[in-house]
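Take a look at the structure below.
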Protein chains: 4
Amino acid sequence: MISDPNSERRSERARRAILDAAFDLVNRKGFAKLTIEAIAAQAGVGKPTIYRWWRSKGAVVLEAMREELGDDFRFPDTGDIAADLATQITAVSQRLVTGRISEAYKGVMGEAQNDPELMKAFRETILEPSIAECRARLESAVAAGQLRSDVPTDVMVDLFYAPIHYRHFLGFGEDAVRRSAELVQDVLLGLRPRPEAE
Amino acid sequence: MISDPNSERRSERARRAILDAAFDLVNRKGFAKLTIEAIAAQAGVGKPTIYRWWRSKGAVVLEAMREELGDDFRFPDTGDIAADLATQITAVSQRLVTGRISEAYKGVMGEAQNDPELMKAFRETILEPSIAECRARLESAVAAGQLRSDVPTDVMVDLFYAPIHYRHFLGFGEDAVRRSAELVQDVLLGLRPRPEAE
Amino acid sequence: MISDPNSERRSERARRAILDAAFDLVNRKGFAKLTIEAIAAQAGVGKPTIYRWWRSKGAVVLEAMREELGDDFRFPDTGDIAADLATQITAVSQRLVTGRISEAYKGVMGEAQNDPELMKAFRETILEPSIAECRARLESAVAAGQLRSDVPTDVMVDLFYAPIHYRHFLGFGEDAVRRSAELVQDVLLGLRPRPEAE
Amino acid sequence: MISDPNSERRSERARRAILDAAFDLVNRKGFAKLTIEAIAAQAGVGKPTIYRWWRSKGAVVLEAMREELGDDFRFPDTGDIAADLATQITAVSQRLVTGRISEAYKGVMGEAQNDPELMKAFRETILEPSIAECRARLESAVAAGQLRSDVPTDVMVDLFYAPIHYRHFLGFGEDAVRRSAELVQDVLLGLRPRPEAE
DNA sequence: TCCTAAACGAGACGGTACGTCTAGTCTTGCT
DNA sequence: AGCAAGACTAGACGTACCGTCTCGTTTAGGA
């Protein structure tokens, strides 16, 4: 009769040690060579303690990444949507390819391709909040007449974010990913309000 | 004096049996639960025969996928670049989300995130030929005055293909992936020649 | 910090299952066809559990044999050394050629020829206790004037036990081994006190 | 319809290379780590050539040993049976524990414990010729009145040879084996003709 | 002297078992 | 009671050899 461990008895010390160990190891060894045993050993924790609170190493790393990332998905708003998009995409590309998060991200996303639950968790905790921020900014740009109003903002989000993730996942290399922000301008051209659409 | 086994002695029978078994198993069990032992067993082949010719299960599945795909990456050419892009993106989305290849593709790409050699092999055998075809078509559209000449065609390829892969890899669901062709038109708007840019 | 598994945490259930399976299999399949995998499978135990506690299949079988043998190496003492030796050698020959132990013994001794550690373990746990018992009996026979006092008792032990093992190891066949007890009398003749050694 | 390879077509070059390689390897690596593949590689020979002419690595090593030994099992005959036995046992002990043959012998005998065919071959090619020589010498000693005539000579052979093999196979160490010749005298005492047994 | 059948070298093959690694579960004190 | 520790069952890993089976290529005897 194993109750689920919804307890407040949970040890914060253990939780922190596990996330720190996971994050350290994924950066030093790479996601593929990361093992739950190694996390437990480095965290000074028993394996069951990990399994009690997480489903898989992907879930641990996802949470570690989330904490490392902070919960600030703020989108800049200078009034100039083109500049703000460039700023944001540049920031994201730096996170993905050079930042502390990059190894963990690559690992989690690879794993998530074959683990729907992990994908769901990723979307809920990271992707969707970030998309929501972007949409809000795009809405305000539409309202300001800087973007077409006949294209749904969630489609616009896809168009702006797609190239950077595409290049990242399909192995285009760090330079290409970093230069993704340049593409924003070409996409924007198609999303500007039609000059004199009669 | 251990030579690599580059021999003409290789058994075509074994090769076929392995690729067939791998492809069957990846579809029935999923990539994550696929094991080299199971491939060997189903193919009626010894494990060393697999390790002799492939580095990992990812490499086997990649090759199986490649064979299943055929080597035809032809891009349609009706003269109307918008229609051709829509046709092609639709075809790709069907391959990725509903086709025989979809499970294998997801598995290989997930694996490749953490296996640079596999990523390299994927790019060389599948991605780059397909990109080359697309670029050739775009060049002819540029020449025909249907597209801007001041945006490199390889950047255009990225813009057109990015949304579909972005939605696929970030878990947007089958419907979203399938509707990616619709985005082509919005991207195209930004890539049309400037009306009469003075 | 990998400690050797010297723990009291060891599962007695697993230990018994492994020894029982090993003993059963060595008798049914023969030592040469015995595998650690088969022992693990029949014992319902993981292979690492075996490797954690034993160095080789020889070591497992040695321990199984030891347990089967019991730790009673008692030597009979009726006061008549000739009779006692005959009794004991007969008993040993029955153990070696017809007893439950015979297959295991042959296997372990064959293996031990090429595995000094196994040989050492065999000598310490089985051979030396048994020799010690024999020597003690011979000492008392010397004291009783039934044997020469100028031949070291450990040499006598060798002389009495040698023929049976010699015949066993050099493949003289079951009958010859069983009749080894008869040779005791001829050896004894040389070890009786000299009649009129002046 | 596979004919056995009873041919005179056999390559003497290959045979020699195999036996030499086997003998070299068994001495350098030990019998346990000897493999047929390694023999084939070192001999510059295909594996099937070995399997065509021998059943197992034990059989190869046995033959290599036999050749190394030469076919001279002569027993010395000075007229003094005690001296001759001591000479012979000393010679055998040197062969077993220090000679070129020792590693091969230990390996073959260990293997033979679990391989009756190998044991049979060993007995026929090495043991029995050697025993026959010894018996012949003992017969002449009996005829000369140096040994009792009421003990069968094959039993005597066992008594003389047993200690050395016993010590060798049961791991008594090189010194003990080498000193086995000393025991001959004690055994002899029991086999001398009874002074005047009325 | 050539022919031809075999033995030969080479090495890929289907297999088996190896010994290791990691997963995920269960057990045993300790705090 | 939850924890650390770690032994447990389970099973895949990648490797080493096994013994068999083609392949051409010598090579040696009989025609």
Side-chain angles (χ1 to χ4, degrees), chain A residues 2-3 5 7-11 13-14 17 33-38 40-41 43-52 55-57, chain B residues 1-3 5 7-11 13-15 17 33-41 43-53 55-57, chain C residues 1-3 5 7-11 13-15 17 33-38 40-41 43-53 55-57, chain D residues 2-3 5-15 17 33-41 43-53 55-57:
Chain A
I2 289 158
S3 58
S7 175
E8 293 81 14
R9 311 271 313 261
R10 180 171 187 182
S11 157
R13 194 193 66 67
K33 295 195 176 170
L34 178 67
T35 68
I36 291 207
E37 287 207 333
V45 142
K47 278 196 290 176
T49 304
I50 299 183
Y51 284 107
R52 186 148 38 229
R55 291 179 42 257
S56 65
K57 71 172 177 175
Chain B
M1 190 97 30
I2 289 159
S3 57
S7 179
E8 296 80 16
R9 311 276 302 277
R10 181 169 188 185
S11 157
R13 191 193 66 65
R15 181 176 163 281
K33 295 197 176 169
L34 178 66
T35 67
I36 290 207
E37 288 210 332
I39 297 173
V45 141
K47 277 196 291 176
T49 301
I50 298 183
Y51 285 107
R52 186 150 36 230
W53 304 106
R55 289 179 45 257
S56 65
K57 71 173 177 174
Chain C
M1 189 95 28
I2 290 158
S3 57
S7 176
E8 298 81 15
R9 312 279 300 278
R10 182 171 188 181
S11 157
R13 192 193 64 66
R15 181 174 164 282
K33 295 196 175 169
L34 178 67
T35 68
I36 291 206
E37 288 210 331
V45 139
K47 278 195 289 176
T49 301
I50 299 183
Y51 285 107
R52 185 150 37 231
W53 304 106
R55 290 180 46 258
S56 65
K57 69 172 178 176
Chain D
I2 288 159
S3 57
N6 287 37
S7 176
E8 297 81 14
R9 312 278 302 274
R10 181 170 187 183
S11 158
E12 176 58 19
R13 191 193 66 66
R15 181 174 164 282
K33 294 195 176 169
L34 179 66
T35 68
I36 290 206
E37 287 208 333
I39 297 173
V45 141
K47 279 196 289 176
T49 302
I50 299 183
Y51 285 108
R52 184 146 42 226
W53 303 107
R55 290 179 46 257
S56 65
K57 70 172 176 175

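Residue numbers start from 1 in every chain, and the chains themselves are labelled A, B, ... in the order their sequence lines are given, proteins ahead of strands.
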> How would nucleotides 26-31 of chain F be written as a contact map, 5' to 3', with B for base contact, S for sugar-phosphate-only contact and - for no contact, using protein heavy atoms under 4.0 Å?
Replying inline: -B----

>> Run the salt bridge (Lys or Arg N to Asp or Glu O under 4.0 Å) test against C/R52 and tell me which residues pass, sequence neighbours left out.
In response: none

>> Test of understanding: with side-chain hydrogen bond (donor to acceptor under 3.5 Å, both in side chains), list the residues that count as partners of B/K57, not counting sequence neighbours.
In response: none

> Taking only residues two or more places apart in sequence or in another chain, which ones pass side chain to side chain contact (heavy atoms under 4.5 Å, CB included) with C/R13?
Replying inline: C/S11

> Of all residues at least two apart in sequence or in a different chain, which pass the side chain to side chain contact (heavy atoms under 4.5 Å, CB included) check with C/A38?
Replying inline: C/L25, C/T35

>> Nearest 0.5 Å, please: how far is CG in C/L34 from CD1 in C/I36?
In response: 8.0 Å

>> For the helix from E/dT1-F/dA31 to E/dT31-F/dA1, what angle separates the axis at the start from the axis at the finish, each from five pairs, in steps of 10°?
In response: 10°

>> Please compare B/A40 and D/V45 by the position of their nearest nucleotide in DNA chain E and report the one closer to 5'.
In response: D/V45

> Looking at D/I39 and D/I50, what are the two nearest heavy atoms and their distance?
Replying inline: CG2-CD1, 3.8 Å

>> My understanding is that only residues two or more places apart in sequence, or in another chain, count here; which of them pass side chain to side chain contact (heavy atoms under 4.5 Å, CB included) with B/R55?
In response: B/D115, B/E117

>> How close do D/G46 and D/A40 get, counting heavy atoms only, and between which atoms?
In response: C-CB, 4.3 Å

> Is D/W53 close to D/R15 at the side-chain level, that is, under 4.5 Å between some pair of heavy atoms?
Replying inline: no

> C/R52 side chain N/O closer than 4.0 Å to the phosphate oxygens (OP1, OP2) of F/dC8?
Replying inline: yes

> For B/R10 and F/dC21, what is the distance between atoms CZ and C1' respectively, to the nearest whole Å?
Replying inline: 18 Å

> Taking only residues two or more places apart in sequence or in another chain, which ones pass side chain to side chain contact (heavy atoms under 4.5 Å, CB included) with C/A17?
Replying inline: C/A43

> Whole Å only: how far is the CD1 atom of C/I50 from the C1' atom of F/dA7?
Replying inline: 14 Å

> Side-chain N or O of B/T49 less than 4.0 angstrom from OP1 or OP2 on E/dG14?
Replying inline: yes

> OP1 or OP2 of F/dA4 less than 4.0 angstrom from a side-chain nitrogen or oxygen of A/R13, does that happen here?
Replying inline: yes

> Is there a side-chain polar atom (N or O) of D/W53 under 4.0 Å from OP1 or OP2 of E/dC8?
Replying inline: yes

>> Just the rounded figure in Å: distance from P of E/dA7 to CD of D/E12.
In response: 15 Å

What N/O pairs connect the protein and nucleotides 14-18 of chain F at under 3.5 Å? Give each pair on its own line.
| residue | atom | partner | partner atom | Å |
| --- | --- | --- | --- | --- |
| F/dG14 | OP2 | B/Y51 | OH | 2.3 |
| F/dG14 | O5' | B/Y51 | OH | 3.4 |
| F/dG14 | N7 | B/K47 | NZ | 3.1 |
| F/dG14 | O6 | B/K47 | NZ | 2.7 |
| F/dC18 | OP1 | D/I36 | N | 3.1 |
| F/dC18 | OP2 | D/I36 | N | 3.3 |
| F/dC18 | OP2 | D/E37 | N | 3.1 |

> Please give, in whole Å, the distance from E/dC13 C1' to B/R15 CZ?
Replying inline: 16 Å

> Taking all non-hydrogen atoms of both residues, which atom of B/A14 and which atom of B/V45 are closest, and how far apart?
Replying inline: CB-CG2, 4.1 Å

